[in-house]
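To keep things clear, I will list the structure first and then write my remarks on it.
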Amino acid sequence: GSNKVLSLYVLGALAGGIAYLLAYNLIPYYAAGLNFPGMVGASAAVYAVSVAAATLMPNYTFHLIFLGPVKIKYIVLVYIFISFLGSVGGNAGGNIAHLGGALIGFVFIKQLQQGRDLGKPVVAVIEFFKGLFSPRPKIKVSYTNPKAKFKKATERPKSQSRPVSEQEEIDLILDKISASGYESLTKEEKQKLFNASRK
């Protein structure tokens, strides 16, 4: 699903950044030779998605120019091997970040296969920020007879032979609000009022 891919991408970027920071702060070889002011790019996130795909479907085949059909697991293994060799080269920090992203991609799929979604907190944070910027519906309130007896919107009076119209249901709900307050509504009545406000 798209939420899982998005959360994996974000986790891959974070894992790459953490791997970079840990290596350059805890391993003397990297700390002594640090001449790189920071880390940029999304390659760790891409590695996370690639390794996750290879872990999930290792035998999926790509048809590469000049090489023919190659399984995704071999493509990903070659890239991980190149990053491993490059972890002592000029772009050591970037390659360490690649390995951090690759690790989280593998762990993410293994955990998902056991029923644990590591990306849920990421999706929750994204949904929270999306909610801050989405418009809220405006509710129109009109009263017909505030002192009238209220009934559940789904109930029909016994003496009434015709079905209750949608507007009459809304009027009954509004009467109930005026008599007992909004909290007295059932979940179904609140949903009907919300749906009517969006029309």
Side-chain angles (χ1 to χ4, degrees), residues 1-137 191 194 198:
S2 58
N3 277 345
K4 287 184 176 57
V5 174
L6 179 60
S7 59
L8 173 60
Y9 187 87
V10 172
L11 287 173
L14 291 173
I18 290 168
Y20 171 83
L21 289 172
L22 288 176
Y24 276 90
N25 284 286
L26 299 177
I27 301 173
Y29 171 80
Y30 294 110
L34 179 60
N35 57 1
F36 185 64
M39 188 178 73
V40 294
S43 52
V46 174
Y47 266 70
V49 174
S50 303
V51 171
T55 305
L56 186 64
M57 301 177 296
N59 294 319
Y60 188 86
T61 304
F62 287 96
H63 295 274
L64 304 179
I65 298 174
F66 306 122
L67 294 176
V70 181
K71 292 180 179 177
I72 189 173
K73 61 185 175 184
Y74 300 125
I75 297 171
V76 168
L77 281 172
V78 166
Y79 273 99
I80 290 173
F81 182 70
I82 291 170
S83 288
F84 185 74
L85 292 179
S87 63
V88 291
N91 185 23
N95 285 295
I96 289 169
H98 296 168
L99 296 174
L103 178 64
I104 200 70
F106 177 78
V107 171
F108 185 91
I109 293 298
K110 288 300 180 184
Q111 290 296 304
L112 203 58
Q113 288 171 338
Q114 293 175 15
R116 289 185 290 274
D117 185 359
L118 299 179
K120 276 186 179 178
V122 176
V123 173
V125 169
I126 291 169
E127 290 300 322
F128 170 76
F129 282 107
K130 277 171 66 177
L132 292 177
F133 300 103
S134 61
R136 299 186 183 216
Q191 187 60 47
F194 177 74
R198 298 185 71 182

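Since we're looking at a predicted model, the values are computed, not measured.
When all heavy atoms of Gly86 and Asn95 are compared, the closest pair comes out as O-ND2, 3.2 Å. Residue Ala44 comes nearest to Gly12 through the heavy atom pair CB-O, 3.6 Å, listed as atom of the first residue, atom of the second, then distance. Between Tyr79 and Tyr47, the shortest heavy-atom contact is O-OH, 3.4 Å. Val107 and Leu118 get closest at one heavy-atom pair: CG1-CD1, 4.0 Å. The heavy-atom pair separating Ala23 from Ile96 by the smallest distance is CB-CD1, 3.7 Å. Closest heavy-atom contact between Gly100 and Ala19: CA-CB, 3.9 Å.
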Between side-chain atoms of residues 49-56 and protein atoms elsewhere (two or more places apart, or another chain), which donor-acceptor pairs fall under 3.5 Å?
residue : atom : partner : partner atom : Å
Ser50   : OG   : Val46   : O            : 2.8
Thr55   : OG1  : Val51   : O            : 2.7

Show your working on side chain to side chain contact (heavy atoms under 4.5 Å, CB included) between Leu8 and Lys4 and close with a plain yes or no.
CA-CA 6 Å; Leu8 173 60; Lys4 287 184 176 57; over 6 Å; no
Val122/Leu11 under side chain to side chain contact (heavy atoms under 4.5 Å, CB included): CA gap, chis, key distance, verdict:
CA-CA 8 Å; Val122 176; Leu11 287 173; 3.8 Å; yes
Starting from the C-alpha separation in whole Å, work towards a yes-or-no answer on side chain to side chain contact (heavy atoms under 4.5 Å, CB included) for Leu103 and Leu99.
CA-CA 6 Å; Leu103 178 64; Leu99 296 174; over 6 Å; no
Before giving the answer on side chain to side chain contact (heavy atoms under 4.5 Å, CB included), spell out for Asp117 and Leu112 the whole-Å C-alpha distance, their side-chain angles and the decisive distance to 0.1 Å.
CA-CA 5 Å; Asp117 185 359; Leu112 203 58; 4.0 Å; yes
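More than 12 non-hydrogen atoms from other residues, nucleotides or ligands lie less than 6.0 angstrom from CG of Leu132.
Checked against side chain to side chain donor-acceptor pair (under 3.5 Å), Lys73 has the following partners two or more places apart in sequence or in another chain: Asn59. Taking Ser43 as the reference, His98 meet the side chain to side chain donor-acceptor pair (under 3.5 Å) condition, with sequence neighbours excluded.
Ring planes of Phe62 and Tyr60: perpendicular class, angle over 60° (limits at 30 and 60°).
Remark: side-chain polar atoms of Tyr24 are paired, donor with acceptor, to backbone N or O of Gly93 under 3.5 angstrom.
For the atom pair OH (Tyr9) and CG (Leu14), the distance works out to 11.5 Å, reported to the nearest 0.5 Å. Rounding to the nearest 0.5 Å places CZ of Phe108 at 11.0 Å from CD of Gln113. The CG atom of Leu77 sits 10.5 Å away from the CZ atom of Phe81 when rounded to the nearest 0.5 Å.
Leu64 has its side chain within reach of Ile75: a pair of non-hydrogen atoms, C-beta onward, lies under 4.5 Å apart.
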